[in-house]
Amino acid sequence: AKYGERPQSLKSIAERNNWTQDQLADRTIPTAGLDETGRMTFAYGAREFSVVLDEKFKPVLHNADGKAIAALPAARQNDTPESIKEGKALLSACKKELKQVLELQTARLYEAMCAGRVWPAADWDEYLRRHPLAGRMAQRLAWTVLDADGKVASVFRPTEDGSLIDAADDEVDLDALA
């Protein structure tokens with residue numbers, strides 16, 4: 001396969017499900033280890049730490065008390081080297097994947113905007129809005145709902161709390177409009 005091409009197995013999955021390449025890409029956005037709330041919790045020896053994103057999509061490390069810390073602390077004597085190594089590896093992988101996902105998804109959303117891509121409401125909701133990274137990116141954009149004639153029925157944006165609001169801060173019911 002050439003660089004940038006999807007492996008044949010992914011192409012066959014898309015063909016079997018009658019998905020476009022864009023639809024396949026929507027369904028396979030990596031999460032960088034973040035759960036649906038946008039948090040990754042991991043063990044580091046006997047302690048637990050978590051990673052959340054700040055408003056600029058930078059990963060912020062927190063201790064078990066929820067306090068932001070700059071870096072993982074030194075291992076304790078009773079921590080197993082394997083657990084420390086695994087915790088460091090998870091944090092490193094999260095940061096690396098996060099950077100890659102943000103770059104790729106920023107480009108994909110820009111291309112979608114330029115091309116005037118249209119998503120079925122259910123797909124947009126499931127694969128973009130509810131995704132721990134793409135959903136945060138979607139909050140920074142204005143989205144339109146098109147009526148049956150392809151005319152704009154509403155303009156809205158997702159909020160941090162999961163609701164959809166229009167320019168007047170009124171809630172938008174996507175199911176009723178789409």
Side-chain angles (χ1 to χ4, degrees), residues 4-7 9-42 50-62 66 68 90 93-178:
E5 283 187 357
R6 298 200 184 276
S9 61
L10 286 179
K11 285 183 180 179
S12 64
I13 291 170
E15 289 170 4
R16 183 176 64 238
N17 290 292
N18 201 26
W19 294 334
T20 65
Q21 291 299 309
D22 284 335
Q23 289 170 322
L24 176 64
D26 290 343
R27 288 159 170 78
T28 58
I29 301 171
T31 64
L34 302 176
D35 65 17
E36 62 279 350
T37 68
R39 174 180 296 273
M40 178 182 79
T41 303
F42 62 97
S50 61
V51 174
V52 294
L53 301 181
D54 68 10
E55 65 280 349
K56 294 182 180 179
F57 294 95
K58 300 292 182 211
V60 179
L61 186 62
H62 291 264
L90 283 170
C94 174
K95 288 178 179 180
K96 182 179 177 183
E97 188 171 285
L98 177 63
K99 182 180 178 186
Q100 293 170 344
V101 170
L102 291 174
E103 285 176 14
L104 180 61
Q105 297 312 310
T106 298
R108 284 188 67 237
L109 288 172
Y110 179 76
E111 289 173 15
M113 178 189 68
C114 291
R117 181 170 174 206
V118 176
W119 282 264
D123 286 359
W124 177 84
D125 188 59
E126 182 176 353
Y127 303 117
L128 292 182
R129 178 178 169 222
R130 296 186 187 282
H131 189 278
L133 298 173
R136 292 271 307 269
M137 297 174 85
Q139 293 170 8
R140 297 183 172 203
L141 302 171
W143 297 85
T144 58
V145 177
L146 304 179
D147 64 16
D149 297 325
K151 294 185 179 167
V152 176
S154 180
V155 177
F156 70 93
R157 76 170 188 86
T159 63
E160 296 78 14
D161 69 5
S163 61
L164 306 175
I165 59 169
D166 63 16
D169 283 341
D170 293 326
E171 253 191 81
V172 173
D173 183 359
L174 193 59
D175 293 330
L177 293 170

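Numbers here simply count residues along the sequence, with the first being 1. Just so it is clear, the structure is predicted and the values come from calculations on it, not from any experiment.
Residues meeting the side-chain contact (heavy atoms from CB on, under 4.5 Å) test with E97, sequence neighbours left out: P30, A32, V101.
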request  = Could you give me the CA-CA distance, side-chain angles and deciding distance for R157 and L141, then say whether side chain to side chain contact (heavy atoms under 4.5 Å, CB included) is met?
outcome  = CA-CA 6 Å; R157 76 170 188 86; L141 302 171; over 6 Å; no
key: Step-by-step side chain to side chain contact (heavy atoms under 4.5 Å, CB included) determination, V152 to L146   = CA-CA 5 Å; V152 176; L146 304 179; 4.1 Å; yes
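D161 and S163 share a side-chain donor-acceptor pair at under 3.5 Å.
Minimum heavy-atom separation, I165 to V172: C-CG2, 3.9 Å. Taking every heavy atom of both residues into account, C94 and L34 meet most closely at SG-CD2, 4.5 Å. What you find for R136 and D54 is that their closest heavy atoms are NH2-O, 2.6 Å. In terms of heavy atoms, H131 sits closest to T31 at NE2-CG2, 3.7 Å. For A68 against H62, the heavy-atom pair with the smallest separation is N-ND1, 3.5 Å. Closest non-hydrogen pair, S50 versus R39, comes out as OG-NH1, 2.7 Å.
With a 4.5 Å cut-off on side-chain heavy atoms, L53 and L133 count as touching. Here the side chains of V60 and V51 are not in contact, with every heavy-atom distance at 4.5 Å or above. Side-chain atoms of Q100 and E103, non-hydrogen and from C-beta on, never get closer than 4.5 Å to each other. Looking only at side-chain heavy atoms (C-beta outward), D26 and E126 stay at 4.5 Å or farther from each other. Side-chain contact between D125 and R130 is present, with at least one heavy-atom pair separated by less than 4.5 Å. Considering only heavy atoms from C-beta on, I29 stays 4.5 Å or farther from L104 through its side chain.
Separation of atoms OG1 (T159) and CD (Q139) is listed at 7.0 Å; rounding is to 0.5 Å. One distance of note links CG of D173 with CZ of F156; it measures 11.0 Å at 0.5 Å rounding. Once rounded to the nearest 0.5 Å, the distance linking CG of L109 with CG of L128 reads 6.5 Å. Taking CD1 of I13 as the start and CG of N17 as the end, the distance is 7.5 Å to the nearest 0.5 Å. The NZ atom of K99 sits 8.5 Å away from the NZ atom of K58 when rounded to the nearest 0.5 Å. Note that the CG atom of L164 and the CD atom of E171 stand 7.5 Å from one another [nearest 0.5 Å].
Side-chain atoms of D166 come within 3.5 Å of backbone atoms of A168 as a donor-acceptor pair (strictly under, hydrogens ignored). Side-chain N or O atoms of W143 include none that pairs as donor or acceptor with a backbone N or O of P158 at under 3.5 Å. A donor-acceptor pair under 3.5 Å is formed between the side chain of R27 and the backbone N or O of Q23.
Atom CG of N18 has 12 or fewer neighbouring heavy atoms from other residues, nucleotides or ligands inside a 6.0 Å radius.
Residues Y127 and W19 place their aromatic rings such that the two centres sit no closer than 6.0 Å.
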